[in-house]
2 protein chains.
Amino acid sequence: MSVGIRHDDLRRRNRAMVISAVRRAGQPSRTEIAATTGLSHSTISAISADLIQEGILTESKANEPTALKRGRPQIGLALNPEAAAVLTVVLSLNFLSVAVIDYAGQVIAEEQQRLDTLVMPRDELIGECMAIVRRRLQDPDLDVGSVARIAMGIQGITDSQARAMLWSPITPLTDIPFADMLETEFGIPATMENDCNMMAVALQWRDPDRYRDNFIAILLSHGIGMGLVLKGELFTGTHSSGGEFGHMIHRPGGALCRCGRRGCVEAYAGNYAIWRSAKKMSEDAEPVDVGDADMRALAVKARETDGPEREAYRRAGEALGFGLGSLFALIDPAPVAMVGVSAAAFDLIEPALREAIAQTAGGQHSKSISFDTEPNELPLIREGCAMRALTFVDQEIFAPGVQARASAGKNVA
Amino acid sequence: MSVGIRHDDLRRRNRAMVISAVRRAGQPSRTEIAATTGLSHSTISAISADLIQEGILTESKANEPTALKRGRPQIGLALNPEAAAVLTVVLSLNFLSVAVIDYAGQVIAEEQQRLDTLVMPRDELIGECMAIVRRRLQDPDLDVGSVARIAMGIQGITDSQARAMLWSPITPLTDIPFADMLETEFGIPATMENDCNMMAVALQWRDPDRYRDNFIAILLSHGIGMGLVLKGELFTGTHSSGGEFGHMIHRPGGALCRCGRRGCVEAYAGNYAIWRSAKKMSEDAEPVDVGDADMRALAVKARETDGPEREAYRRAGEALGFGLGSLFALIDPAPVAMVGVSAAAFDLIEPALREAIAQTAGGQHSKSISFDTEPNELPLIREGCAMRALTFVDQEIFAPGVQARASAGKNVA
DNA sequence: GGCTTTTTTTCGAGCCTCAAAAAAATAGTG
DNA sequence: CACTATTTTTTTGAGGCTCGAAAAAAAGCC
């Protein structure tokens, strides 16, 4: 079962601890690191000396004259941006974007591209993805050797090993092992991540106080997705990437869902469902893509007049509230972040949503549940991919992977 | 956030590892322990020498002539039964039971008692619990000082700190801080555990291969409860003990539930709900207690004729399947153990249950979901409490708690 | 310039784990 | 019964890691 702690693991773990402390805190001094990690000053001193010597950390000379205090001034430690780089690929509906990020987390290059994901044949879709990555990697300003990891994010279901896209709403294609493809093509370790999970990862980094142990990120867009963090860790199932929140059954035999079943939450709360309902179309009407601009216009109209548009949002709220209620019945209430176009219309959704939650077992706490909204999911997804890739690198640089440590130490004389 | 590993933690953790390996394996040799923990033989040798010297482990002289092999025969290591003892208290409907268990996990004394939990006033209920514990602790055969922990299990909701019973179906009383009461009364560390969680813990010990990382224990009794294990650890929420599976809303505005709301899963699948439905009573009828014998008779009748009894079980299956489907939509399918009287009637429940699951998002895998049944919940709950208490002791004996180590070492000359 | 304060580094001690060798305990073999 | 082969357990020495205390470094203060 769980394995004992070997003696050499100790240093490895404490190195990880120091790197992670620096990544979180920005420019902590050695003393601060000692305080947060609970390790002694001498240990921190020794480890950080190693890390600096290996080119992973740098002493930030930017000795900004902080509150002039007595005593020897603290020397901030920072991640060396040149220690490594990671590449993120985000594939979403009709849109492909790539970014190169340095070890300190700064975007150093990016490229975006429109493409018709819904109709592209398999080879072409894969080809475009590979091509855009290749262009970024061939950038003369970039030291290709420093790119240590690729994280690709996609809307849809990925396998639990983070290797392949199993199914996605943005394409009829299924089972594309993007991670393996990227690895064989570029020789760089890669993973295939679910978009909602990456949103959750990004939230954890953006606001660690609020999003710490248990929280939920819900994507309100064309489809409804969820990223679930339990006990501070992303919860991914044993089979696939994560919770099919959008496909919980709200009304058995109800409205037609994009997935082919009936009555799913998404069939009431997805963009197409709200649109369908607002336009008084049949619940059996085939789901269609609705642009973000159209959705925003719909929300405006719903706020203006109490017509079918407002009713559509109300029903969406009801469905979402139902799903959240079930979730809270199983797992305790936790902060919820609503992300995506419809999050901008959360004012229209919230009343019915809270009402629905209040009727469920978790409902006792329904008043105390707090919602954040973030209308733009793409930056979050990219941020999550970047952080995921960077933390992987953090763990490879100090890990037994000798080659990783060697390449990181390239700055050493 | 997470704290660094101090140097002395290493030994502590590896000691824990060894103790846990022995508890799991029964009578492993040092070589086996080395293999399962991944630590070197010398380390295991050193640690086990310590543990033996402190009276925590013993070399089992019962050198049962295993497969006669060449070479120096292995010496089995076992937990020293006298190293400590724990006490379990299980309070269920009209029934109170206490057991004293030695460090090796054997029951060395027990006592059971009927009492009218539903009508007892607060003082009396608490008094009876304290009295039965006191009687056991005053047993002249027992070295009171060796009792290192009390674990109390109860049907109902406990707080997430495992200190108090917040609400229980077995009594109208609420908010009884049993753990604190036991601690102040007897000076022994105590916890207040939820019955379904303890069932899950027990299953994990009974069949670790089957119930390892993710699984679900569902109590089908008067009420419906759930114990959820995720990533090998009991999942307990931030507020209360765990999932209110039984109170997920199956049919909004539907049958009257014991909790006062309508349409809960329990209002279709609890004993009283099945009874109500089988007897063609109104769905608004006040929930009543149904004895186990009556429930068994009901199941017999349902098997004999296709009447309202069979339909009642079918509807119970539907409600349970609905709840499980939602659960599987959020969290991947996992083995399910059905525990309690109605688990003995699972043959009547299963078809409708599977059908309901198949209609949900997690339903793809519905065929592969496996169910175990265990009609008797009490032994499981007691076993879970015992294991929980014992693992606490495991962690206190080696932990910095110097006094714990000292008292465990009482056998030393 | 000397003193105080705070941070960082250095150094020796104490543990812990590991690998290798030694010791122990038994089965097979003639 | 003596001897060898085999396997488990213990011992031993080496190497590393962390810690606490002391020293060194780097500022502000007077």
Side-chain angles (χ1 to χ4, degrees), chain A residues 3-18 21-22 25 27-53 57-61 63-78 398 400 405, chain B residues 3-18 21-22 25 27-53 57-61 63-78 398 400 405:
Chain A
V3 80
I5 302 176
R6 313 282 298 278
H7 198 231
D8 37 334
D9 281 355
L10 207 94
R11 200 39 176 303
R12 202 174 54 75
R13 293 205 198 194
N14 285 341
R15 280 171 68 104
M17 206 65 62
V18 171
V22 175
Q27 287 207 349
S29 68
R30 290 171 175 79
T31 312
E32 279 177 64
I33 298 175
T36 58
T37 59
L39 296 169
S40 72
H41 286 193
S42 23
T43 304
I44 301 300
S45 191
I47 292 177
S48 50
D50 282 1
L51 292 173
I52 289 170
Q53 205 259 325
L57 298 185
T58 51
E59 292 192 337
S60 70
K61 291 300 163 193
N63 218 344
E64 85 279 7
T66 47
L68 286 183
K69 284 188 307 182
R70 274 192 152 186
R72 180 171 174 172
Q74 303 189 359
I75 306 169
L77 293 178
F398 54 69
R405 196 178 291 193
Chain B
V3 80
I5 302 176
R6 312 283 298 278
H7 196 233
D8 37 334
D9 281 356
L10 206 95
R11 200 36 174 307
R12 203 173 54 75
R13 293 204 197 194
N14 285 342
R15 280 172 68 105
M17 206 66 61
V18 171
V22 175
Q27 288 207 349
S29 70
R30 291 171 175 78
T31 313
E32 278 176 65
I33 298 174
T36 57
T37 60
L39 297 168
S40 73
H41 285 193
S42 22
T43 304
I44 301 300
S45 190
I47 291 178
S48 50
D50 282 0
L51 292 173
I52 290 171
Q53 205 257 326
L57 297 186
T58 52
E59 291 192 339
S60 70
K61 292 298 161 194
N63 219 343
E64 85 278 9
T66 47
L68 287 182
K69 283 187 307 181
R70 273 194 153 186
R72 179 172 175 172
Q74 305 189 357
I75 306 169
L77 293 178
F398 52 71
R405 196 177 292 191

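Note on naming: letters A, B, ... go to the chains in the order of the sequence lines (proteins, then strands), and numbering restarts at 1 for each one. On a predicted model such as this, the values are computed, not experimentally measured, just so you know.
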Do any side-chain nitrogens or oxygens of A/S45 fall under 4.0 Å of OP1 or OP2 in C/dT9?
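Affirmative; the distance criterion is met.
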So, is A/R30 close to the C/dT9 phosphate, meaning a side-chain N or O under 4.0 Å from OP1 or OP2?
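Answer is yes, contact under 4.0 Å.
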From [atom1] of [X] over to [atom2] of [N], roughly how many Å is that when rounded to an integer?
{"X": "A/R72", "N": "C/dT6", "atom1": "CZ", "atom2": "C1'", "value": "9 Å"}
{"X": "A/E59", "N": "C/dT7", "atom1": "CD", "atom2": "P", "value": "15 Å"}
{"X": "B/I75", "N": "C/dA25", "atom1": "CD1", "atom2": "P", "value": "8 Å"}
{"X": "A/R12", "N": "D/dG16", "atom1": "CZ", "atom2": "P", "value": "17 Å"}
{"X": "A/R15", "N": "D/dG16", "atom1": "CZ", "atom2": "P", "value": "15 Å"}
{"X": "A/Q74", "N": "D/dG28", "atom1": "CD", "atom2": "P", "value": "14 Å"}
{"X": "A/I44", "N": "D/dC17", "atom1": "CD1", "atom2": "P", "value": "14 Å"}
{"X": "B/H41", "N": "C/dC18", "atom1": "NE2", "atom2": "P", "value": "11 Å"}

Within the sub-3.5 Å range, which N or O atoms of nucleotides 15-17 of chain C have a protein N or O partner, and how far apart are they?
{"from": "C/dC16", "atom 1": "OP2", "to": "B/R11", "atom 2": "NH1", "distance (Å)": "3.3"}
{"from": "C/dT17", "atom 1": "OP1", "to": "B/N14", "atom 2": "ND2", "distance (Å)": "2.6"}
{"from": "C/dT17", "atom 1": "OP2", "to": "B/R11", "atom 2": "NE", "distance (Å)": "3.4"}

Side-chain donor-acceptor pair present, A/S45, A/S42, cut-off under 3.5 Å:
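Note: A/S45 and A/S42 side chains miss the donor-acceptor criterion.
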CD1 of A/I44 to CG of A/L39: how many Å apart, nearest 0.5 Å?
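Between A/I44 CD1 and A/L39 CG, I get 4.5 Å after rounding to 0.5 Å.
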Does A/T58 use its side chain to pair, donor to acceptor, with the backbone of A/S60 at less than 3.5 Å?
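Absent.
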Determine whether A/R11 and A/D50 make a side-chain contact, defined as any pair of heavy atoms from C-beta on separated by less than 4.5 Å.
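Sidechains of A/D50 and A/R11: in contact.
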Is there a side-chain contact between B/Q74 and B/E32 (heavy atoms, below 4.5 Å)?
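SC-SC contact between B/Q74 and B/E32 confirmed.
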Heavy-atom closest contact (A/L77 atom, A/V22 atom, distance):
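Looking at all heavy atoms of both residues, the shortest contact is O-CG1, 3.7 Å.
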